[in-house]
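One-based numbering, in listed order, for ligands and for the atoms of each.
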Amino acid sequence: MSRWERLAGFAVVIAAWLALAWIGVAVYSPPAPRAADVPDNEFSAGRARVILEGLVGEGIPHPTRSPQNTIVRERILGYFRALGYEPQVQVTHSLPPRFITVSRPVVWNVVVRRRGRQPGPAIMLVGHYDSVDRGPGASDDGVGVAAILEIARMFQVLPPPRNDVIFLLTDGEEDGLVGAQGFVREHPWAKDVKVAINLEARGTSGASLMFETSDADAWLISFFARHVSRPATSSLFAEFYKVFRLGDTDFTVFKAHGMEGYNFAFVRYVKNYHTKNDDFAHADPGSLQHHGDNAWQLLTALADFDLDRRTPGKAIYTDVLGQFVVRWPASINFGLAGTSLAAGLAACVIARRRGLFLRFKWRIFLAVPLPLLAGALLVWYVGLQVRGGWIDNPLPALAAYWCLALLVVFGSCRYTPLGRTDMWSAWTGVWLFWNALGLATAWYLPGASYLFLLPGAIAVSTALLAAVLPQRISPRGLLAACCLGPIAAGVLWLPMQVLLYDGIGFMLTPVYPLSAGLVTMTALPLLSGGATSPQARTSEAGSVQ
Ligand SMILES: [Zn+2]
């Protein structure tokens with residue numbers, strides 16, 4: 001393979017990465033809101049916006065036990081009654097009765113039940129209607145409440161489903177999940193609930209991300225994959241949510257009570273979260289549409305599902321560019337990572353025996369992390385200057401991180417054994433390193449392991465094929481195979497940058513240069529040099545006929 005062919009491959013990879021970054025911004029933006037005049041059985045953000053304006057349009061904060069809280073609750077009760085439901089108000093406390101003290105605040109949950117065709121377990125859709133006292137809570141969690149009221153309307157025009165459906169609008173969430181605790185502790189319907197869907201917000205825009213599930217989530221993820229049309233989810237979100245302790249929601253209480261389910265939130269423009277800017281004008285209609293679509297698609301499917309068919313087991317999962325969800329059992333995750341690494345080593349041994357490596361030295365494995373560390377250190381230092389929370393437009397900063405990482409990784413690799421070796425040796429070094437990281441994350445941070453495991457396995461499969469069948473693959477086919485790993489890495493890592501920024505901002509700046517360094521290094525083999533001796537040069541030209 002000539003130097004020019006490898007450079008063409010490199011150009012294809014860079015073009016694919018640029019396209020993926022652009023696609024990532026597009027697919028993880030909220031969908032277009034549907035107008036108020038779409039058919040009755042479609043979720044319409046246009047209609048739900050009218051409800052939202054009716055609830056919180058004045059922009060007055062309504063924390064629990066405030067006069068405005070009572071007004072908002074009465075409006076919610078009015079909506080349910082107008083739809084033909086018989087809503088209950090559950091008066092409950094933050095602490096069990098045995099802890100009777102002066103600080104035992106009372107909160108008021110709104111609870112509605114729609115009976116299904118047969119008695120049995122129920123599905124519950126939850127949002128909280130209280131706000132903090134600093135802001136009117138239009139997105140947190142007025143959008144969730146408005147979505148639930150629009151869904152309650154849609155349910156009334158359908159024939160009764162198989163299972164009961166409970167709508168729970170909790171009070172006192174911002175006071176420490178008081179309403180949710182009162183519901184699970186005291187309400188007689190709580191024991192019927194098998195699956196809860198919680199709608200939340202930590203910002204005023206962005207896609208509705210499914211960021212948390214209950215522990216045995218394999219069946220939930222498979223259900224989600226089949227029924228949600230615009231999935232935005234990954235087991236990485238749950239890991240980040242846990243590691244960064246991004247706060248609790250009512251879902252924490254339901255999980256502790258043994259319910260299974262899904263937790264959704266949109267998290268863009270976190271600077272508006274819990275401020276006076278969390279008002280009707282800032283609430284993104286697209287986020288409302290996405291929340292509503294997700295909840296409606298899952299709720300209608302779950303309402304007709306035989307809940308006794310739930311299966312145990314945990315999953316590793318991710319959506320791919322918002323189109324579909326890839327998933328596998330967590331129980332085989334470590335085995336998969338080990339197999340991929342072993343297959344990579346086997347490919348390396350076979351390729352070496354067949355003379356595909358021109359200048360292979362074991363020390364290139366030691367050299368692989370060097371450009372990565374150099375890039376990370378420099379960009380980390382630069383990152384210290386913009387350390388902090390969230391800025392208005394992060395894209396230039398994120399792009400700058402990537403450009404810097406690209407320059408440092410490609411610039412410094414020339415001075416390491418990695419930059420002076422041949423393409424196949426560099427390729428093996430880079431991808432065995434990725435597969436080793438896949439194995440390490442499968443052990444320590446399983447929810448994040450797919451980020452290494454999927455590109456690593458794809459690259460290793462193509463390497464194995466190339467090592468076993470070097471005579472039958474054309475040089476162009478070999479080049480295409482060589483580009484597959486970097487493109488697969490780009491598919492998973494590039495769109496994630498924007499979502500990560502929405503979630504954690506610049507709280508942990510090294511995440512961005514490390515991601516950038518890891519992904520850009522996968523293209524290094526395409527830049528690696530050829531042979532030095534005439535004999536080796538001939539063998540390089542002849543090795544891929
Ligand atoms: Zn909230």
Original post:
Do any N/O/S atoms of Asp140 come under 2.8 Å of the Zn ion (ligand 1)?
Top reply: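 Here the distance criterion (N, O or S atom, under 2.8 Å) is met by Asp140, so yes.
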
Original post:
Does any N, O or S atom of Glu174, backbone or side chain, fall under 2.8 Å from the Zn ion (ligand 1)?
Top reply: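 Checking Glu174: none of its N, O or S atoms is under 2.8 Å.
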
Original post:
Is it true that a side-chain atom of Asp141 and a backbone atom of His128 form a donor plus acceptor pair closer than 3.5 Å?
Top reply: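 At least one qualifying donor-acceptor pair exists.
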
Original post:
Honestly, is Arg153 close enough over Phe43, meaning NZ or CZ under 6.0 Å from the six-membered ring centre and within 45° of the axis?
Top reply: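 Judged by the rule (NZ or CZ under 6.0 Å from the ring centre, within 45° of its axis), Arg153 is not positioned above Phe43.
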
Original post:
When you draw lines from the Zn ion (ligand 1) to NE2 of His128 and to OE1 of Glu200, what angle lies between them, to the nearest 10°?
Top reply: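 Value returned, to the nearest 10°, is 110°.
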
Original post:
Should we count OH of Tyr269 as having more than 12 external heavy atoms under 6.0 Å?
Top reply: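 No, the 6.0 Å shell around OH holds no more than 12 heavy atoms from other groups.
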
Original post:
Which word best sums up how the rings of Phe305 and Trp219 line up, parallel for under 30°, tilted for 30 to 60°, or perpendicular for over 60°?
Top reply: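 Parallel.
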
